[in-house]
Amino acid sequence: MSTHSVVSNSITDGPLWKGLLRFFFPLVFGAFFQQLYNTVDAIVVGQFVGKEALAAAGGGSAVYANLLIGFFMGVSSGATIIVAQYFGAARNVRLSRTIHTAVALAACAGIVFSVLGAWLAPFSMRIIGTPESVFAGSVLYLRIFFIGMLPMFVYNMCAGIMQALGDSKTPFYILVVGCGANIVLDLLFVAVVKGGVAGAAWATVLSQTFCMVLSLLKLHRLPAAYRLSVQKLRFTPSELSRTVRLGLPAGIQSSLYAVSNLIIQGYINSFDTDVVAAWAVYMRVDGLFWMAVSSFGVAMTTCVGQNYGAGKIERVFRATREGLWMMSAVAVISTLVLWFFGQYIFLLFTSDAAVISAGMHLLKFLVPFLITYIPIEVLSGTIRGSGETFKPMIITLLGICALRIIWLVAAVPFWHTIRMVAASYPVTWIVTSVAFFIYYARRTWLHEPGGRAHLDGRLSSPAEQPEQ
């Protein structure tokens with residue numbers, strides 16, 4: 001009997017929209033609880049400490065944290081793609097080697113990022129012009145946050161592996177438990193112990209450590225053919241090379257969003273504290289939408305990866321079409337909810353009238369454009385699932401990062417308003433979506449190195465025959 005029967009999977013068979021939704025909902029709820037980690041930090045410090053602490057925990061420090069986390073998660077997506085393809089093709093030897101290589105990579109990267117992040121925290125906050133009123137708190141929050149890179153990286157890698165195997169429920173359950181722990185610890189360290197932004201950061205580190213332990217235990221209970229074992233943790237050169245080759249462009253692509261957000265944060269910091277705090281809160285409110293689209297991007301990558309590995313190319317295109325319709329509906333619903341109820345969400349973070357007013361000004365300008373971002377996430381998820389990650393990185397580099405910088409340099413100095421800074425988002429979403437549609441329609445990504453041809457070469461090697 002196939003060991004795959006142990007892992008529930010309906011992505012390569014049956015109605016695609018049902019398979020995508022069955023996989024998507026645990027992902028989006030999991031992303032919701034992942035978002036709650038930093039959001040709870042911002043809510044607790046905003047309510048119990050003040051708007052300066054809110055700006056420290058939710059402003060530039062959060063953007064830097066997202067930059068490095070996004071980079072590593074992009075790199076780790078290389079392993080996720082390979083795991084999905086090997087799982088879809090039933091190649092357990094390669095699958096086991098990839099899983100152990102991926103977890104070893106996460107552990108090593110976590111240690112390196114912890115050291116570098118803590119060391120560079122003051123410099124990082126200086127170069128984006130962090131106001132003195134929130135500088136010390138931002139540096140402190142960032143340094144403690146980076147101490148937790150090891151458990152955060154290992155947990156996210158383990159979650160990606162489980163999702164690539166078709167199990168999106170377990171990472172969700174683990175996140176629910178971890179988020180509950182984070183809420184309790186936040187209230188304890190900030191509201192009771194009066195630990196301020198440091199208390200909020202330590203709460204996140206401890207809860208992420210708990211999630212890491214639970215995830216490792218889950219991978220240790222996988223079918224024996226590809227079960228995680230401490231004795232087998234090592235770098236397999238061929239799988240490490242392919243993981244980096246596929247994941248590095250995805251990591252750079254993910255980081256480009258954060259880099260552009262850092263540049264925008266520098267412009268935001270030129271306004272007063274109310275606007276800085278309003279922007280920090282808006283990014284949290286806005287995150288309710290982004291967690292949905294990014295989760296669907298993961299679902300698309302996994303769905304395409306497994307179907308691509310199984311040679312079911314027509315299902316790849318059907319999944320993309322259905323994904324575009326489904327996520328467009330999500331964008332419309334999100335726009336309506338945020339437009340009419342955004343003010344009440346802002347009240348969770350702060351009762352300051354000036355901050356809420358500035359935040360709602362931003363929200364009502366930006367949310368009508370959310371639907372223009374949908375093709376970027378769905379199409380890039382499809383293309384990455386096939387094994388092509390370099391071209392999506394280039395499209396994102398030019399369409400998101402470069403164009404956004406050009407807009408900020410060319411337009412903002414002449415119209416120095418918060419709305420003009422915010423306009424850099426819809427302008428770049430529209431241009432980049434068009435570029436992805438053009439590249440997707442050409443279908444050259446189906447035949448790129450690292451795609452099906454490369455996978456077939458690996459599957460036909462003598463070392464794989466014992467798996468039959």
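Numbers for residues simply follow the sequence, beginning at 1.
- Here the closest non-hydrogen pair linking Met157 and Ala102 is CE-O, 3.4 Å.
- Scanning both residues, Gln343 and Met360, for their nearest heavy atoms gives N-SD, 3.4 Å.
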Audit row: Val244, Leu240, side-chain contact (heavy atoms from CB on, under 4.5 Å) steps and yes/no: CA-CA 6 Å; Val244 173; Leu240 178 63; 4.1 Å; yes
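- Taking 4.5 Å as the limit, every side-chain heavy atom of Gln163 sits out of range of all side-chain heavy atoms of Thr80.
- Side chain of Thr389 to main chain of Leu246: a donor-acceptor pair is present (N/O by atom type, distance under 3.5 Å, no hydrogens or angles).
- Scanning both residues, Ser386 and Val304, for their nearest heavy atoms gives N-CG1, 3.7 Å.
- Partners of Ile147 according to the side chain to side chain contact (heavy atoms under 4.5 Å, CB included) rule, which considers only residues two or more places apart in sequence or in another chain, are Trp202.
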Trace of the side-chain contact (heavy atoms from CB on, under 4.5 Å) decision for Ser380 with Thr396: CA-CA 10 Å; Ser380 65; Thr396 304; over 6 Å; no
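- Remark: the backbone N or O of Phe390 is paired with a side-chain donor or acceptor of Glu388 at under 3.5 angstrom.
- Rounded to the nearest 0.5 Å, atoms OG1 (Thr98) and CG (Asn92) are 11.0 Å apart.
- Between the side chain of His100 and the backbone N or O of Arg234 there is no donor-acceptor pair closer than 3.5 Å.
- Using modelled atom types, one side-chain atom of Thr335 and one backbone atom of Val367 make a donor-acceptor pair closer than 3.5 Å.
- The backbone N or O of Thr204 sits less than 3.5 Å from a side-chain atom of Ser207, completing a donor-acceptor pair.
- Considering CG of Leu379 and CZ of Arg384, their distance stands at 10.5 Å, rounded to 0.5 Å.
- Contact annotation: the side chain of Val83 approaches that of Leu95 to within less than 4.5 Å [non-hydrogen atoms, C-beta and beyond].
- Contact annotation: the side chain of Leu370 approaches that of Trp429 to within less than 4.5 Å [non-hydrogen atoms, C-beta and beyond].
- Proximity of Tyr155 to Leu175: side-chain heavy atoms (C-beta onward) are separated by under 4.5 Å at one or more points.
- The closest donor-acceptor contact from the side chain of Arg315 to the backbone of Asn307 lies at 3.5 Å or more, if one exists at all.
- Between Tyr141 and Phe145, the ring-plane angle classifies as parallel under the 30° and 60° cut-offs.
- Using a 4.5 Å heavy-atom threshold, the side chains of Thr320 and Met300 count as touching.
- Applying the side-chain hydrogen bond (donor to acceptor under 3.5 Å, both in side chains) rule to Thr428 yields the partners Arg404; only residues at least two apart in sequence or on another chain are considered.
- Judged as a side chain to side chain contact (heavy atoms under 4.5 Å, CB included), and not counting sequence neighbours, the contacts of Leu217 are Val213.
- Annotation: side-chain hydrogen bond (donor to acceptor under 3.5 Å, both in side chains) contacts of Ser215 (sequence neighbours excluded): none.
- Side chain of Thr243 to backbone of Gly78: no donor-acceptor contact under 3.5 angstrom is found.
- Shown here are the side-chain hydrogen bond (donor to acceptor under 3.5 Å, both in side chains) partners of Thr301, two or more places apart in sequence or in another chain: there are none.
- We find the CZ-CG distance between Phe296 and Leu324 to be 8.5 Å, quoted to the nearest 0.5 Å.
- To the nearest 0.5 angstrom, Leu233 atom CG is 5.5 Å from Leu228 atom CG.
- Listed for the Asn182 side chain is no donor-acceptor partner under 3.5 Å among the backbone atoms of Gly178.
- Every side chain to side chain contact (heavy atoms under 4.5 Å, CB included) that Thr432 has, sequence neighbours left out, goes to Ile376, Ile395, Ile400, Phe436.
- Although no hydrogens or angles enter the test, the distance criterion places no donor-acceptor pair under 3.5 Å between the side chain of Asp186 and the main chain of Ala203.
- Contact check for Val93 versus Tyr226: no side-chain heavy atoms found under the 4.5 Å cut-off.
- Heavy-atom minimum distance, Cys108 versus Phe235: SG-CZ, 3.9 Å.
- Minimum heavy-atom separation, Val293 to Glu377: O-CG, 2.9 Å.
- In this structure Phe346 satisfies the ring pair (Phe, Tyr, Trp, His ring centres under 6.0 Å) test with no other residue, sequence neighbours excluded.
- Qualifying ring pair (Phe, Tyr, Trp, His ring centres under 6.0 Å) partners for Phe113, counting only residues two or more places apart in sequence or in other chains: Phe153.
- The backbone N or O of Val378 sits less than 3.5 Å from a side-chain atom of Thr382, completing a donor-acceptor pair.
- For the pair Arg97/Ile99, no side-chain contact is recorded, criterion being any heavy-atom separation below 4.5 Å from C-beta on.
- Residues passing the side-chain hydrogen bond (donor to acceptor under 3.5 Å, both in side chains) test with Ser229 are Gln231, sequence neighbours excluded.
- The distance from atom NZ of Lys218 to atom OG1 of Thr170, rounded to the nearest 0.5 Å, is 4.0 Å.
- Phe87 CZ to Gln85 CD: the interatomic distance, rounded to the nearest 0.5 Å, is 13.5 Å.
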Derivation and outcome, side-chain contact (heavy atoms from CB on, under 4.5 Å), residues Val192 and Leu187: CA-CA 7 Å; Val192 179; Leu187 292 172; 5.8 Å; no
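- In this structure the side chain of Ile345 reaches within 4.5 angstrom of the side chain of Leu338, judged on heavy atoms.
- In this structure, the side chain to side chain contact (heavy atoms under 4.5 Å, CB included) partners of Ile333, at least two apart in sequence or on a different chain, are Val337.
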Test log, rule side-chain contact (heavy atoms from CB on, under 4.5 Å), inputs Arg227 and Arg221: CA-CA 6 Å; Arg227 175 181 300 153; Arg221 298 176 62 186; 5.8 Å; no
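- Nearest approach of Leu165 to Gln306, heavy atoms of both residues: C-NE2, 3.9 Å.
- Within a 6.0 Å sphere centred on CZ of Phe289, heavy atoms belonging to other residues, nucleotides or ligands number more than 12.
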